[in-house]
Amino acid sequence: MADDILEGLNPAQREAVVNYDSPSLIIAGAGSGKTRVLTSRIAYMIREGVAPHNILALTFTNKAAAEMRERITAMVGEGSRYIRMGTFHSVFSRILRENAELIGFPQSFTIYEPNDTKSLLKTIVRERNLSDDRYKPGVLASRISFAKNSLITPGAYIANATLAADDRRAQIPEFGEIYAEYCRRCRQNGSMDFDDLLLQTNILLRDCPDVLERYQRLFRYILVDEYQDTNYAQYVIIRRLSQLHSNLCVVGDDAQSIYSFRGAKIENILSFRRDYPDAKVFKLEQNYRSTQTIVDAANSVIEHNSRRMEKECFSKGERGERIHVMKAYTDREEAEMVVTDLRDRIRSNGDQWSEAAVLYRTNNQSLVIEEALRRKGIPYRIYKGNSFYEHKEIKDLLAYIRLIVNPRDDEAFKRIINTPSRGIGDTTVERIENAARDRGIPMWDAAEAIVTTPDTEKDSVMRAVSRKIGEFVGMIRTLSLERETKGLYDFGMDVASRSGLIASYRTQNTPEATSALDNIEELLNSMQQFNEQCEAEIRSGEREEFERAGIEEWLQNVMLMTDMDKNEEDGGNKVTLMTVHSAKGLEYKYVYIVGCEENLFPSLRAMESVEGLEEERRLFYVALTRAKTFATLSCAEMRFKWGNMEFSRPSRFLSEINPIYVDADFNLKPGRGAGTRDTNGESAIESLRRRYDVRYAQKRSETAGSGNGSAERQNTYVPKSVPQMPQQPQMRPSLRKLDDSTAQAGASGTTAPAAASGCPYSVGDRVEHARFGRGTIRSIEPLATDHKLMVVFDGSGEKTLLARFAKLTKL
DNA sequence: CGGCCCCGCGTTTTT
DNA sequence: CGCGGGGCCG
């Protein structure tokens, strides 16, 4: 019956698919068809009569989940919708929402993003009169994250002497108290941070046996992808849920564990057999992705790690070309070399740009590569796994919705009370904050209280402030009512416009403002799309009528979404640039790994410990195994760091590759690099720099034609391309087109050479300023109620002034 | 109150 | 070097 599912699988894969009725560990080497096995196993189970809703499949990205669901649907049809499949965070945020009240959270809890966490921590530190450069929000946040991922609650933390000693040594003795206060405030605000989604799930499953049992019965079969990247909190959740049936299947590759910095425990996969003694182990060792050379080379590097699970990865593909290693003088020249090589190979093989990727260790390395690609006119895209909400406009809009959904969300309140600016300043906000704290109520309630206090009890200033707050409160109340009556999209549109966000971006006519409007539009589109999906689910009976497209649910999904989860408008025939971490799970015919240098890859900080270094090596392994046919590694002798040139030496990983697989254009084992050439450091730097500058200037004039080089740094601003949300079928007017008149006015205003109406000055006027002396007006830009003047002063140079304030006298 | 300027900081990687 | 936060001026 299920023969078609098994067709084309190799014996090891087939075994891993068929033996679904016992705990299983599937060790899946890079490129070994892991996703295929996982999806086939699920499809096979369904064919064998397992009910889809009894299956829980957990992944690390939404994208992976969507992809898997699609492939399963192709095999077994629409039944796949009933599989509970998604990221840990999204699956458990839904479970938490259904049970929030049991653990003392409101059903409409909102999710704090890392900035909210930091902002709240800052408030707490300030309230306790602690020094904020000793108690840095970032440090506190990561320590809290560590505690939560290790399932250490504040009470347990404070009781733990070892942790207390750590904190004293780190000069933050009060950390435990801050952690406790932070948790108290989150609860008070009805909000959870990312890590809470795992921690609170654990608390729920621990404290509510009936809930635990319900989910244990529901999720008869549990599958976990990328098991090597699970942290302790995730591990315990999985253990709890799988206790009853023990039908747990984990898939992973210890050699690709690269997330320990955020709490992932490689031990989870290494000790699976101890946790589940009757587990069956399947090894997928045949690599279908890469050439033999690439697989063998990657193996030869990873052998330098001590802690490994024994497996023999091999490829039966072509032997392929050797791995090309090149060295440049500087990072810029490295970029130049890489891009030239890339272009030539792609051209001579007649391939697409999209078949090539440039991988780097840290995001800031992308800059030089971008410049080189732009110089050669090669299209590229940067694949940055930013969270969607990292765009300010999205964060603002989401904060409005958060406050409407959950008025106790103080961080949302603080974010939007004066955004866009409506004349409510810091003093007022602080007053509200204090009032709220004194009375132990949310800031929203405190604001309402101010508004309802009779005017007779206020002085004139207070009355004015109170009126402004009143307008804000009124607006939020109106929007709350609309939430009940309107559809999701219309409601979102109303929030965006009534809040004044759209208007404020329309008045600016900058590329940033335009992109902000586009992003808002995308966000609204995603509401529409979510709505349609819910309607479909109601029609199919999967969702109850009363559960109609809930804004809370949408909000939680959006908070857990990253740019990478969105459909890239694949259309692009473009070279891909990204970090090695982001590249996990992807493959390209041509892969370039740049910056293969000591202290960069492996990174300086990682080398402090053996485990750190081994993780870097796994990262290098991941990078190398992304390549299907051609792998090219590069390094530079010197590189810009913090504005300075610094020497570097080729990465140890380069010489760890068995040399028979390498084709290097320099000696990989010189022992000493440029950095140790120690006649006198100063002049060595100078001579290299001179050499570099000459070479570079030559190249530049070759390629730029007219350029004298100085223009090259200008005009490099390219609006960040924001990956598109899935396209909407219906046509909807673009936000920025809704009101072209405003935009037009702005556009003509900025370029108008003569005086704008109402401005007492014109371009070319000679003027005098009390401090800057005499000068000439260079340009005038009209603002809402004023004019921005650009004046070149004879003595003090160019200044930008506001006509109303500048007190200029015409000469 | 809001915009501008200066200073200090940081760089791993992110669900 | 680029950015965000804090302080000061218009």
Side-chain angles (χ1 to χ4, degrees), chain A residues 58-65 86-93 111 113-115 118-119 122 132-133 136-138 142 145 149 193-195 197-198 225-226 229-231 233-234 257-264 359-365 367-368 384-388 390 392 418-429 464-465 468 559-565 578-584 595 599-608 612 615-616 618-619 622-623 639-645 713 769-771 783-786 788 799-808:
Chain A
L58 298 167
T59 62
F60 271 79
T61 64
N62 294 306
K63 196 181 164 201
T87 64
F88 277 88
H89 290 84
S90 69
V91 166
F92 294 117
S93 89
I111 295 176
E113 47 125 334
N115 283 314
K118 283 190 210 149
S119 152
K122 231 164 144 179
D132 52 357
D133 50 48
K136 291 194 176 79
S142 69
S145 175
N149 283 328
D193 62 25
F194 274 175
D195 302 315
L197 297 177
L198 305 177
D225 193 11
E226 309 279 16
D229 287 333
T230 49
N231 62 32
Q234 290 164 326
S257 161
I258 55 173
Y259 282 109
S260 77
F261 67 91
R262 65 174 197 223
L359 311 184
Y360 35 78
R361 179 68 234 277
T362 63
N363 273 311
N364 57 12
Q365 290 172 257
L367 265 157
V368 276
K384 215 178 153 205
N386 267 345
S387 296
F388 196 32
E390 281 184 30
K392 181 184 180 303
N418 198 31
T419 307
S421 61
R422 44 176 73 86
I424 302 173
D426 294 345
T427 332
T428 308
V429 176
V465 170
K468 287 176 190 162
M559 295 301 291
L560 300 173
M561 196 131 77
T562 69
D563 280 359
M564 293 201 296
D565 294 326
M578 64 186 152
T579 63
V580 180
H581 281 90
S582 314
K584 192 160 88 154
N599 300 343
L600 180 59
F601 198 2
S603 84
L604 184 62
R605 272 184 53 187
M607 286 194 294
E608 286 164 15
E615 176 148 321
E616 292 288 300
R618 293 192 293 268
L619 194 54
V622 168
R639 165 176 307 275
F640 258 110
K641 252 180 196 169
W642 298 298
N644 296 315
M645 273 290 189
R713 277 223 167 248
H769 185 270
R771 258 188 37 213
L783 302 175
T785 58
D786 199 355
K788 192 196 269 182
K799 303 276 175 213
T800 307
L801 304 166
L802 288 181
R804 264 171 62 202
F805 295 114
K807 297 198 187 91
L808 296 171

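So you know, we letter chains A, B, ... as the sequences are listed, proteins then strands, and number each from 1.
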Q. Counting side-chain heavy atoms from CB outward, which of B:dT14, B:dC1, C:dG6 is closest to A:Ser582?
A. B:dT14

Q: May I have the distance from A:Phe92 (atom CZ) to B:dT15 (atom P), rounded to whole angstrom?
A: 18 Å

(Q) Applying side chain to side chain donor-acceptor pair (under 3.5 Å), can you list everything that pairs with A:Arg422, at least two apart in sequence or on another chain? (A) A:Tyr400

**Q.** Separation of B:dT15 P from A:Lys584 NZ (nearest whole Å)
**A.** 11 Å

(Q) Without decimals, in angstroms, what is the distance between A:Ile424 CD1 and B:dC1 P? (A) 9 Å

(Q) Could you work out, with side-chain contact (heavy atoms from CB on, under 4.5 Å) as the rule, every residue matching A:Pro137, not counting sequence neighbours? (A) A:Lys118, A:Lys122

**Q.** Whole-Å gap separating P (C:dC1) and CZ (A:Arg639)
**A.** 17 Å

(Q) I'd like to check the side-chain contact (heavy atoms from CB on, under 4.5 Å) partners of A:Thr428; sequence neighbours left out, ordered by chain and number. (A) A:Ile424, A:Ile432, A:Val465, A:Ile469

Show me the protein contacts with nucleotides 6-10 of chain B, counting only N or O atoms at under 3.5 Å.
none

Q | A:Asn149 CG - B:dT15 P separation (whole Å) | A | 14 Å

(Q) Donor-acceptor check, side chain of A:Asp195 to backbone of A:Ala233, threshold 3.5 angstrom: yes or no? (A) no

Q: Going by the salt bridge (charged side-chain N to carboxylate O under 4.0 Å, His left out) test, name the single residue among A:Lys584, A:Arg262, A:Arg618 that passes it with A:Asp229.
A: A:Lys584

Q | A:Lys118 NZ - C:dC3 C1' separation (whole Å) | A | 13 Å

Q: Could you please name the option among B:dT13, B:dT14, B:dT11 that lies closest to any side-chain atom of A:Thr362?
A: B:dT13

Q. Over how many whole Å does the gap from A:Asn231 atom CG to B:dT14 atom C1' extend?
A. 12 Å

(Q) With a 4.0 Å cutoff (strictly under), does any side-chain N or O of A:Ser421 reach OP1 or OP2 of B:dG2? (A) yes

Q | Qualifying residues under side-chain contact (heavy atoms from CB on, under 4.5 Å), relative to A:Glu616, sequence neighbours excluded | A | A:Arg361, A:Phe601, A:Pro602, A:Ser603, A:Ala606, A:Leu619, A:Phe653

Q. Is the phosphate of B:dT15, meaning OP1 or OP2, less than 4.0 Å from a side-chain N or O of A:Ser90?
A. no

**Q.** A:Phe261 aromatic ring stacked with six-membered ring of B:dT13, 5.5 Å and 30°
**A.** yes

Q | Interatomic distance at C1', B:dT11 relative to C:dG6, whole Å | A | 22 Å

Q: Tell me whether the OP1 or OP2 atom of B:dT13 has a side-chain N or O from A:Ser603 closer than 4.0 Å.
A: no

(Q) Nearest to the A:Thr428 side chain among B:dT15, C:dG6, B:dC1, which nucleotide is it? (A) B:dC1

Q. Sub-3.5 Å donor-acceptor pair from the side chain of A:His89 to the main-chain atoms of A:Leu197, do we have one?
A. no

Q) Any idea which of B:dT15, B:dT11, B:dT13 is nearest the A:Asn364 side chain? A) B:dT11

Q.
Measure NZ/A:Lys392 against C1'/C:dC3 and give the value in whole Å, please.
A. 16 Å

Q: May I ask you to evaluate whether A:Asn363 reaches the phosphate of B:dT13, defined as a side-chain N or O under 4.0 Å from OP1 or OP2?
A: yes

Q: Return the set of residues passing side chain to side chain donor-acceptor pair (under 3.5 Å) with A:Thr419 (not counting sequence neighbours), or none when no residue passes.
A: none

Q) So which one's nearest nucleotide on DNA chain B is more toward 5', A:Thr579 or A:Asn418? A) A:Asn418

